[in-house]
Colleague: 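Quick one: the structure is below, questions incoming.
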Amino acid sequence: QVQLVESGGGVVQAGGSLRLSCAASGRTLSNYGMGWFRQAPGKEREFVAVISKSGSITYYADSVKGRFTISRDDAKNTVYLQMNSLKPEDTAVYYCAAGPRAWRTEATYDYWGQGTQVTVSS
């Protein structure tokens with residue numbers, strides 16, 4: 001079992017930045033690809049970014065490409081999502097997830113965190 005806990009959410013003005021963290025316990029994260037998803041009010045949860053087990057491959061949703069950066073520090077068992085140039089449409093609950101074959105779809109993830117709220121004001 002892997003337990004995931006997100007942190008770093010909050011309220012920020014448009015154009016600002018936040019860094020989300022996802023701390024894992026139970027098993028080492030180096031065995032898993034890691035992803036970030038988000039769910040805005042009244043919408044389905046959507047893919048944001050994924051990073052491979054080795055960290056050598058990353059992939060982003062078009063809506064965040066060039067603004068968000070996913071990274072991992074396996075020594076700290078933590079994954080990060082650096083979010084720059086935030087827009088009001090980035091407002092959502094952000095979830096991290098882990099899976100041995102993690103990619104863009106939710107079905108490729110076995111473990112999920114509880115989420116952290118990000119609110120971007122205009």
Side-chain angles (χ1 to χ4, degrees):
Q1 285 281 38
V2 176
Q3 291 79 42
L4 302 173
V5 178
E6 302 94 338
S7 62
V11 180
V12 63
Q13 288 189 333
S17 298
L18 282 174
R19 187 177 81 156
L20 304 184
S21 299
C22 173
S25 60
R27 291 185 182 176
T28 176
L29 275 187
S30 61
N31 295 324
Y32 299 93
M34 298 296 298
W36 286 95
F37 288 74
R38 67 186 182 186
Q39 187 168 21
K43 295 187 178 181
E44 293 187 353
R45 190 157 57 185
E46 65 176 3
F47 166 78
V48 174
V50 61
I51 187 166
S52 63
K53 295 178 191 178
S54 67
S56 61
I57 299 172
T58 58
Y59 189 84
Y60 298 90
D62 288 343
S63 59
V64 306
K65 199 173 296 181
R67 300 188 297 122
F68 290 12
T69 303
I70 188 171
S71 62
R72 63 190 300 156
D73 184 341
D74 289 345
K76 296 183 178 180
N77 239 23
T78 301
V79 175
Y80 303 98
L81 185 68
Q82 178 67 44
M83 307 186 295
N84 298 328
S85 302
L86 283 162
K87 305 175 181 180
E89 51 263 44
D90 295 318
T91 295
V93 177
Y94 283 71
Y95 300 89
C96 71
R101 292 170 294 280
W103 196 232
R104 292 181 292 172
T105 60
E106 294 189 31
T108 60
Y109 295 86
D110 296 333
Y111 304 102
W112 293 82
Q114 294 297 311
T116 185
Q117 176 71 45
V118 171
T119 302
V120 184
S121 61
S122 57

Colleague: Would you give the length of the straight line joining atom CD1 of I51 to atom CG of L29, rounded to the nearest 0.5 angstrom?
Modeller: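 With rounding to 0.5 Å, CD1 (I51) is 10.5 Å from CG (L29).
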
Colleague: What about V64 and I57, same hydrophobic cluster or not, with Ile/Leu/Val/Met/Phe/Trp/Tyr joined at side-chain heavy-atom distances under 4.5 Å?
Modeller: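 Different clusters.
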
Colleague: Donor-acceptor check, side chain of R72 to backbone of S52, threshold 3.5 angstrom: yes or no?
Modeller: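 Looks like yes, one N/O pair under 3.5 Å.
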
Colleague: Between the side chain of N31 and the main-chain N/O of K53, is any donor-acceptor distance below 3.5 Å?
Modeller: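 Side chain of N31 to backbone of K53, a donor-acceptor pair under 3.5 Å: no, none is there.
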
Colleague: In Å, rounded to the nearest 0.5 Å, how long is the span from CD of Q1 to OG of S25?
Modeller: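 Reported to 0.5 Å precision, the distance equals 10.0 Å.
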
Colleague: Heavy atoms, side chains only, cut-off 4.5 Å: are R38 and T91 in contact?
Modeller: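 No. Closest side-chain heavy atoms not under 4.5 Å.
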
Colleague: Under 4.5 Å between side-chain heavy atoms, hopping through other hydrophobics if needed: is there a path connecting Y32 to V79?
Modeller: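 Yes; tracing contacts between hydrophobic side chains, which count when under 4.5 Å, links both residues.
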
Colleague: Could you tell me whether Q114 atom CD has more than 12 heavy atoms of other residues or ligands within 6.0 Å of it?
Modeller: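 At most 12 heavy atoms, drawn from other residues, nucleotides or ligands, come within 6.0 Å of this atom.
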
Colleague: Is the number of heavy atoms from other residues, nucleotides or ligands under 6.0 Å of K65 NZ greater than 12?
Modeller: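 Result for NZ/K65: enclosed.
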
Colleague: Between E89 and V120, does a side chain to side chain contact (heavy atoms under 4.5 Å, CB included) hold up when you go through it step by step?
Modeller: CA-CA 8 Å; E89 51 263 44; V120 184; over 6 Å; no

Colleague: Are W36 and M83 close enough that some pair of their side-chain heavy atoms sits under 4.5 Å apart?
Modeller: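 No - every pair of side-chain heavy atoms lies 4.5 Å or more apart.
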
Colleague: Considering all heavy atoms of both residues, which atom of A14 and which atom of P88 are nearest to each other, and what is their separation?
Modeller: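 For A14 and P88, the tightest heavy-atom pair comes out as CB-CD, 4.1 Å.
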
Colleague: Is R67 reaching over with its side chain to a backbone N or O of S85, donor-acceptor style, under 3.5 angstrom?
Modeller: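 At least one qualifying donor-acceptor pair exists.
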
Colleague: L20 versus V118: any side-chain heavy-atom pair under 4.5 Å?
Modeller: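 Yes, at least one pair of side-chain atoms sits under 4.5 Å.
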
Colleague: So does C22 get a backbone contact from the side chain of E6, meaning a donor-acceptor N/O pair under 3.5 Å?
Modeller: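 Answer holds: no.
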
Colleague: Do S21 and K76 make a side-chain contact, defined as non-hydrogen atoms from C-beta onward lying under 4.5 Å apart?
Modeller: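 No, side chains not in contact.
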
Colleague: Measure the spacing between CD of Q82 and CD1 of I70 and express it to the nearest 0.5 Å.
Modeller: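 Spacing of CD (Q82) from CD1 (I70) equals 12.5 Å.
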
Colleague: Quick one: closest heavy-atom pair of A97 and Y109, and the distance?
Modeller: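 Scanning both residues, the minimum pair turns out to be CB-CD2, 3.4 Å.
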
Colleague: Indicate, with yes or no, if L86 and F47 share a hydrophobic cluster defined by side-chain heavy-atom contacts under 4.5 Å among Ile, Leu, Val, Met, Phe, Trp and Tyr.
Modeller: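 Unlinked, F47 and L86 end up in two clusters.
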
Colleague: Is D73 reaching over with its side chain to a backbone N or O of T78, donor-acceptor style, under 3.5 angstrom?
Modeller: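 Checked: no pair found.
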
Colleague: Can you give me the closest heavy-atom contact between A98 and L4, atom names plus distance?
Modeller: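 Scanning both residues, the minimum pair turns out to be N-CD1, 3.8 Å.
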
Colleague: Please list all pairs passing the ring pair (Phe, Tyr, Trp, His ring centres under 6.0 Å) test where one or both residues lie in residues 58-108, with sequence neighbours left out.
Modeller: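 Residue pairs passing ring pair (Phe, Tyr, Trp, His ring centres under 6.0 Å), neighbours aside: Y59-W103.
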
Colleague: Answer yes when K87 and D90 have at least one side-chain N-carboxylate O distance shorter than 4.0 Å, and no when they do not.
Modeller: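 No, this pair does not count.
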
Colleague: Quick check for you: to the nearest 0.5 Å, what is the distance between T105 atom OG1 and F37 atom CZ?
Modeller: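 One finds 6.5 Å between OG1 of T105 and CZ of F37.
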
Colleague: With rounding to the nearest 0.5 Å, note down the distance linking OG1 in T69 to CG in L81.
Modeller: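 Rounded to the nearest 0.5 Å, the OG1-CG separation comes out at 8.0 Å.
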
